[in-house]
Trainee: 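What follows is a single structure, and I will ask about it in a moment.
Chain naming here is simple, since letters A, B, ... match the order of the sequence lines and numbering starts at 1 in each. Every value quoted in this text rests on a predicted model; they were computed, and no experiment measured them.
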Number of protein chains: 2
Amino acid sequence: MSQGDADPQAGRDDGVRLDTSLGYLLKEASSALRAAMEEVLRPLGMTVTHYSCLELLAQRPGLSNSELARGAFVTRQSMNVLLQALERDGEVERAAEAPVGKALPTQLTAHGRRRIADASAAVRSVETRMLAGMSEADQAAAFRALQSMTRALRES
Amino acid sequence: MSQGDADPQAGRDDGVRLDTSLGYLLKEASSALRAAMEEVLRPLGMTVTHYSCLELLAQRPGLSNSELARGAFVTRQSMNVLLQALERDGEVERAAEAPVGKALPTQLTAHGRRRIADASAAVRSVETRMLAGMSEADQAAAFRALQSMTRALRES
DNA sequence: TGACTCATGTCAGTAGTCTGACATAGCGTG
DNA sequence: CACGCTATGTCAGACTACTGACATGAGTCA
């Protein structure tokens, strides 16, 4: 920052104070997490959304495209593009026709399971590093705070 | 979710437990915040990065392109594209030549100040809603936790 | 002085995500 | 049954942000 110490905020009481704003801090932390994940996933040739998709399928086999999209926080259109690529690359397989409705259940292939194993370990190490220096109580408090913020934002 | 209750995690002890992962929760909260901000900024014809840039300039006039990029958590290339558009639209103005080095200081125009006033109020209301139901102590704890996570992720 | 390193601005191309739109399947209600 | 509502899958186009690359200015050091 190349400016002096005069406070440009003076006389502007309607601004969001960046350095004390929880919203800004939330974005900052999320950005740092994303960057750290990209760094460890890049050598594996995997993006964050790619990883998220496989991780979701590892934990909950049979999720549909729309469910995966919600779990990875992207639109179902974006997830659809990704799923087509993953199917082409043999990491996942989708039922040919819907057992009910239009939702097509998706599963990991053996290849997909190998891919997610490496990626999951890498991401787990990032999360471990992120939590270093935080006590159990700190983590529990952060957990409740993040849940509270998410819930409050959703009920609009 | 359309699956039964069998636990696919059984026998896979290396997975990131989504529903208890602070990393996942952080992404979820950040995603909710971003969606809420986009919702209130859309009527103003403004994206989140667009808003972030103007807010930074309102609080710290004279920031350079690279400094704005870091503050808005995008690359300097992305911010450069945005700044060119904002300059064309008359919301900001940049010095013609660098007073020192190559960094070009940027300021809001009168038009830019009017734009950010509305946007800032809208975003402030979102943040207020996000914090509803959290005590001062909760907010302070969240503040410390987010700072700790960001710091831990950065020192790689 | 010259070489090296770092930060900055900028151009070009690529990749990921989004909005808009359409068709279809299930569900509830008159 | 017919109608509306909701959720889903998918295609197409536009936009945003990214990576890669190059040139320039400032500081460091032998």
Side-chain angles (χ1 to χ4, degrees), chain A residues 1-3 27 30-32 34-39 41-54 62-89 92-106, chain B residues 1-3 27 30-32 34-39 41-43 45-54 56 62-89 92-106:
Chain A
M1 305 291 163
S2 53
Q3 288 304 301
K27 192 174 174 182
S30 176
S31 169
R34 184 174 195 88
M37 287 177 66
E38 283 172 347
E39 188 177 341
L41 289 174
R42 187 184 312 274
L44 303 175
M46 215 179 276
T47 67
V48 173
T49 305
H50 183 165
Y51 156 74
S52 301
C53 177
L54 295 187
L63 286 188
S64 70
N65 175 43
S66 288
E67 289 169 326
L68 288 168
R70 281 192 292 271
F73 309 111
V74 296
T75 63
R76 66 186 197 278
Q77 291 92 329
S78 299
M79 184 55 72
N80 188 39
V81 171
L82 175 60
L83 271 188
Q84 288 176 359
L86 294 185
E87 195 169 12
R88 175 177 47 76
D89 297 346
V92 307
E93 52 189 6
R94 311 184 69 182
E97 54 188 35
V100 59
K102 294 190 68 180
L104 301 173
T106 309
Chain B
M1 304 292 162
S2 53
Q3 290 302 306
K27 191 172 175 183
S30 176
S31 169
R34 182 172 196 88
M37 287 178 65
E38 283 171 347
E39 188 178 342
L41 289 175
R42 187 183 312 273
M46 213 178 280
T47 67
V48 173
T49 305
H50 183 165
Y51 155 75
S52 301
C53 176
L54 295 187
L56 283 162
L63 287 188
S64 71
N65 176 43
S66 288
E67 290 169 326
L68 288 168
R70 280 192 293 270
F73 310 110
V74 297
T75 62
R76 67 186 195 277
Q77 292 92 330
S78 299
M79 184 54 72
N80 188 38
V81 172
L82 175 59
L83 271 187
Q84 288 176 359
L86 293 186
E87 196 170 11
R88 175 175 48 76
D89 296 347
V92 307
E93 51 191 5
R94 312 184 67 182
E97 54 188 35
V100 59
K102 295 191 67 179
L104 301 174
T106 310

Trainee: Take atom CZ of B:Arg70 and atom P of D:dA17, then tell me their distance rounded to the nearest Å.
Mentor: 18 Å

Trainee: Determine whether a donor-acceptor pair (N or O, by modelled atom type, separation under 3.5 Å) exists between the side chain of B:Ser31 and the backbone of B:Lys27.
Mentor: no

Trainee: How does protein reach along nucleotides 21-28 of chain C, written 5' to 3' as B (base within reach of a heavy atom under 4.0 Å), S (only sugar-phosphate), or - (no contact)?
Mentor: B-BBSS--

Trainee: Check whether any side-chain N or O of A:Ser78 sits under 4.0 Å from OP1 or OP2 of C:dC18, and answer yes or no.
Mentor: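 Result: yes.
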
Trainee: Taking the side chain of A:Arg94 as heavy atoms from C-beta outward, which of D:dT10, C:dT8, D:dA17 is closest to it?
Mentor: D:dT10

Trainee: On DNA chain D, check which nucleotide each of A:Gln84 and A:Arg42 is closest to and give me the residue with the more 5' one.
Mentor: A:Gln84

Trainee: Between A:Glu87 and A:Thr106, is a side-chain contact (heavy atoms from CB on, under 4.5 Å) present by the stated rule, with each step listed?
Mentor: CA-CA 10 Å; A:Glu87 195 169 12; A:Thr106 309; over 6 Å; no

Trainee: Give the rounded distance in Å between these two atoms: CG of A:Leu83 and P of D:dC11.
Mentor: 12 Å

Trainee: For the pair A:Ser78 and A:Thr49, evaluate side-chain contact (heavy atoms from CB on, under 4.5 Å) and give the outcome as yes or no after the intermediate values.
Mentor: CA-CA 10 Å; A:Ser78 299; A:Thr49 305; over 6 Å; no

Trainee: Which whole-number value in Å describes the distance from B:Leu68 CG to D:dA17 C1'?
Mentor: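 In whole Å, D:dA17 C1' lies 16 Å from B:Leu68 CG.
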
Trainee: Rounded to the nearest 0.5 Å, what separation is found between the CG atom of A:Leu63 and the CZ atom of A:Arg70?
Mentor: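 Separation between the atoms: 9.5 Å.
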
Trainee: Return no unless some side-chain N or O of B:Ser64 is found under 4.0 Å from OP1 or OP2 of C:dT8.
Mentor: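 False: B:Ser64 side-chain N/O out of range (4.0 Å or more) of C:dT8 OP1/OP2.
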
Trainee: Could you state the CG-P distance from B:Leu41 to C:dT19, rounded to the nearest angstrom?
Mentor: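 In whole Å, C:dT19 P and B:Leu41 CG are 14 Å from each other.
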
Trainee: B:Glu87 has an atom CD; how far is it from atom P of C:dT10, in whole Å?
Mentor: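 To the nearest whole Å, that distance equals 9 Å.
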
Trainee: Please name the pair of heavy atoms, one in B:Ser64 and one in B:Glu67, separated by the smallest distance, quoted to 0.1 Å.
Mentor: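 B:Ser64 and B:Glu67 have their closest heavy atoms at N-OE1, 2.9 Å.
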
Trainee: Could you tell me which non-hydrogen atom of B:Ala72 sits nearest to which non-hydrogen atom of B:Met79, and how far apart they are?
Mentor: CB-CE, 3.7 Å

Trainee: For the helix from C:dT1-D:dA30 to C:dG30-D:dC1, what angle separates the axis at the start from the axis at the finish, each from five pairs, in steps of 10°?
Mentor: 30°

Trainee: Specify the closest pair of heavy atoms between B:Leu86 and B:Cys53, including all atoms of both residues, with the distance to one decimal.
Mentor: CD1-SG, 3.9 Å

Trainee: Do the non-hydrogen side-chain atoms of B:His50 and B:Leu54 ever get within less than 4.5 Å of each other?
Mentor: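 The answer is yes, as the side chains (C-beta and beyond) meet within the 4.5 Å cut-off.
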
Trainee: Of the nucleotides D:dT16, C:dT10, C:dT19, which has the atom closest to the B:Asn80 side chain?
Mentor: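 From the listed options, C:dT10 comes nearest.
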
Trainee: Would you mind reading off the distance between A:His50 atom NE2 and C:dA15 atom P, rounded to a whole angstrom?
Mentor: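 Answer to the nearest Å: 15 Å.
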
Trainee: Looking at B:Ser66, does any N or O in its side chain come under 4.0 Å of the phosphate oxygens OP1/OP2 on C:dA7?
Mentor: no

Trainee: According to salt bridge (Lys or Arg N to Asp or Glu O under 4.0 Å), who are the partners of A:Arg76, at least two apart in sequence or on a separate chain?
Mentor: none

Trainee: Closer than 4.0 Å, any side-chain N/O of B:Asn65 to the OP1 or OP2 of C:dG9?
Mentor: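 Yes, B:Asn65 has a side-chain N/O under 4.0 Å of OP1/OP2 on C:dG9.
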
Trainee: Want to settle it: does B:Leu104 or A:Thr49 sit nearer the 5' end of DNA chain C, counting the closest nucleotide to each?
Mentor: B:Leu104

Trainee: Show, in sequence, the C-alpha distance, side-chain angles and deciding distance for A:Arg94 and A:Asn65, and conclude whether the side-chain contact (heavy atoms from CB on, under 4.5 Å) test is met.
Mentor: CA-CA 10 Å; A:Arg94 311 184 69 182; A:Asn65 175 43; 3.5 Å; yes

Trainee: Could you tell me how far apart A:Glu67 (CD) and D:dT8 (C1') are, to the nearest whole angstrom?
Mentor: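 So the two atoms are 10 Å apart, to the nearest Å.
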
Trainee: How long is the line joining CG of A:Leu82 and C1' of D:dC11, in whole Å?
Mentor: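 After rounding, the reported distance stands at 17 Å.
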
